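Since this is a predicted model, take the numbers as computed values, not measurements. Starting from 1, each residue takes its place in the sequence as its number.
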Amino acid sequence: MTQLVLDVSGNAIYLPESQKRGYRAWVEDGGVEVEMISRRTVRELRGSIWRVTYQYGWFDDADRARVLESCEKGRRTPIECLFLPPHGNELLSGSFFVTSITYPTFKWSRLVPGFGEDVSVPMWANFGVELREVRPHD
């Protein structure tokens, strides 16, 4: 089952299903801090925003590069993503900023058959990303 698709409008990456509670999506109140004339600060609610966290391991080198490229793009500009809500079975679409990235670490390499000899392929693990919806959805 697909839980998260990064950068749908550009370099679409279908991330593998996260295991052991590594995926979470929830709604929280979105608002802005406003300073009043009296110098008091109040929080003005503007609606609800989606927050998504995702963790996974075991990417090969090509997938790692594509995932990190989309995440870096999402730090600078909003990216369109598909995500699975907590109480649904259909993916929802939204525009998100990447608020945090846990860069994968090198774990081990495996040998795969190549042209004439085996080739060492690196494997990466412990990747994580946090997303925050750009605009409130209601």
Side-chain angles (χ1 to χ4, degrees):
M1 171 185 289
T2 301
Q3 295 167 321
L4 182 62
V5 183
L6 292 176
D7 198 11
V8 175
S9 60
N11 183 20
I13 300 170
Y14 289 79
L15 294 172
E17 184 176 350
S18 184
Q19 302 293 319
K20 298 181 183 176
R21 298 185 189 146
Y23 175 81
R24 189 170 151 225
W26 70 98
V27 175
E28 65 182 33
D29 292 332
V32 294
E33 300 287 325
V34 178
E35 187 173 332
M36 307 299 282
I37 293 174
S38 64
R39 302 296 239 179
R40 291 187 350 207
T41 303
V42 296
R43 182 162 177 82
E44 181 181 320
L45 295 179
R46 299 272 174 103
S48 300
I49 59 170
W50 283 103
R51 300 286 305 248
V52 177
T53 61
Y54 174 86
Q55 296 175 342
Y56 193 75
W58 313 124
F59 290 111
D60 63 17
D61 216 26
D63 289 339
R64 179 191 62 90
R66 291 181 56 223
V67 166
L68 291 180
E69 179 184 343
S70 289
C71 289
E72 290 295 336
K73 178 182 173 185
R75 287 189 131 171
R76 297 183 306 273
T77 61
I79 57 175
E80 287 295 317
C81 297
L82 298 175
F83 66 98
L84 187 65
H87 302 294
N89 56 3
E90 288 189 28
L91 295 174
L92 298 179
S93 175
S95 185
F96 288 86
F97 276 117
V98 174
T99 58
S100 175
I101 303 170
T102 303
Y103 289 92
T105 55
F106 176 78
K107 287 298 184 184
W108 49 276
S109 58
R110 63 185 171 125
L111 294 175
V112 296
F115 295 104
E117 62 185 56
D118 290 343
V119 178
S120 180
V121 176
M123 296 301 287
W124 302 85
N126 302 328
F127 165 75
V129 66
E130 294 181 18
L131 304 169
R132 180 185 167 278
E133 192 173 27
V134 176
R135 289 183 188 82
H137 58 272
D138 56 63

Exercise. Any Lys/Arg nitrogen of Lys73 or Glu69 sitting under 4.0 Å from an Asp/Glu carboxylate oxygen of the other?
Worked result: no

For this session: Identify the residue among Phe59, Tyr103, Trp58 that makes a ring pair (Phe, Tyr, Trp, His ring centres under 6.0 Å) with Phe127.
Result: Phe59

Exercise. Any salt bridge between Glu130 and Arg132, counting N to O under 4.0 Å?
Worked result: no

Problem set entry | Cluster check Trp26, Phe97: I/L/V/M/F/W/Y, side chain < 4.5 angstrom | no

Exercise. Is Phe96 reachable from Tyr14 through a run of hydrophobic residues whose side-chain heavy atoms are each under 4.5 Å from the next?
Worked result: yes

Exercise. Would Val52 and Ile49 show up in the same hydrophobic cluster when neighbours are defined by side-chain heavy atoms closer than 4.5 Å?
Worked result: no

For this session: Taking the side chain as every heavy atom from C-beta outward, state whether Asn126 and Lys107 have any atom pair closer than 4.5 Å.
Result: yes

Exercise. Do Pro104 and Leu68 have side chains that get closer than 4.5 Å, going by heavy atoms?
Worked result: yes

Exercise. Minimum heavy-atom separation for Ser18 to Gln3, with atom names?
Worked result: N-OE1, 2.8 Å

Problem set entry | Nearest-0.5 Å distance that lies between atom CG in Leu45 and atom CZ in Arg43 | 6.5 Å

Exercise. Would you say Arg76's side chain and Glu72's backbone share a donor-acceptor pair under 3.5 angstrom?
Worked result: yes

For this session: Check the pair Val5, Cys81 against side chain to side chain contact (heavy atoms under 4.5 Å, CB included), reporting the backbone distance first and the verdict last.
Result: CA-CA 6 Å; Val5 183; Cys81 297; over 6 Å; no

For this session: Taking atom CD of Glu33 as the centre, report whether more than 12 heavy atoms of other residues, nucleotides or ligands fall under 6.0 Å from it.
Result: yes

Exercise. What distance separates Leu15 CG from Leu6 CG, expressed to the nearest 0.5 Å?
Worked result: 4.5 Å

Exercise. Under 3.5 Å, side chain of Glu28 to main-chain N/O of Arg51, donor-acceptor pair present?
Worked result: no

For this session: Answer yes or no: are there more than 12 heavy-atom neighbours, outside Arg135 itself, under 6.0 Å from its atom CZ?
Result: no

Exercise. If Ile, Leu, Val, Met, Phe, Trp and Tyr residues are connected whenever their side-chain heavy atoms lie under 4.5 Å apart, and connections chain through other members, are Leu4 and Ile101 in the same group?
Worked result: yes

Exercise. Under 3.5 Å, is there a donor-acceptor pair between the side chain of Arg64 and the main chain of Met123?
Worked result: no

Exercise. If we only count heavy atoms from C-beta on, is the Leu82 to Ser93 side-chain gap below 4.5 Å?
Worked result: yes

Problem set entry | Separation of Ile79 CD1 from Ser95 OG (nearest 0.5 Å) | 8.5 Å

Exercise. Do other residues, nucleotides or ligands put more than 12 heavy atoms under 6.0 Å from Glu35 CD?
Worked result: yes

Exercise. What is the distance from atom CG of Leu131 to atom SG of Cys71, rounded to the nearest 0.5 Å?
Worked result: 7.5 Å

Exercise. Run the side chain to side chain contact (heavy atoms under 4.5 Å, CB included) check on Asn11 and Arg66 step by step: do they pass?
Worked result: CA-CA 8 Å; Asn11 183 20; Arg66 291 181 56 223; 3.5 Å; yes

Seminar exercise, completed: Rounded to the nearest 0.5 angstrom, the OG-CG distance for Ser70 and Asp7 is 4.0 Å

Problem set entry | CD on Glu17 to OH on Tyr56, rounded to 0.5 Å | 9.0 Å

Exercise. Under 3.5 Å, is there a donor-acceptor pair between the side chain of Glu133 and the main chain of Trp50?
Worked result: yes

Exercise. Which heavy-atom pair separates Gly47 from Pro136 by the least distance, and what is that distance?
Worked result: CA-CB, 3.7 Å

Exercise. Would Leu92 end up clustered with Val27 when hydrophobic side chains under 4.5 Å apart are linked, directly or stepwise?
Worked result: yes

Exercise. Is a side-chain donor or acceptor of Tyr23 paired with a backbone partner of Leu84 at a separation under 3.5 angstrom?
Worked result: yes

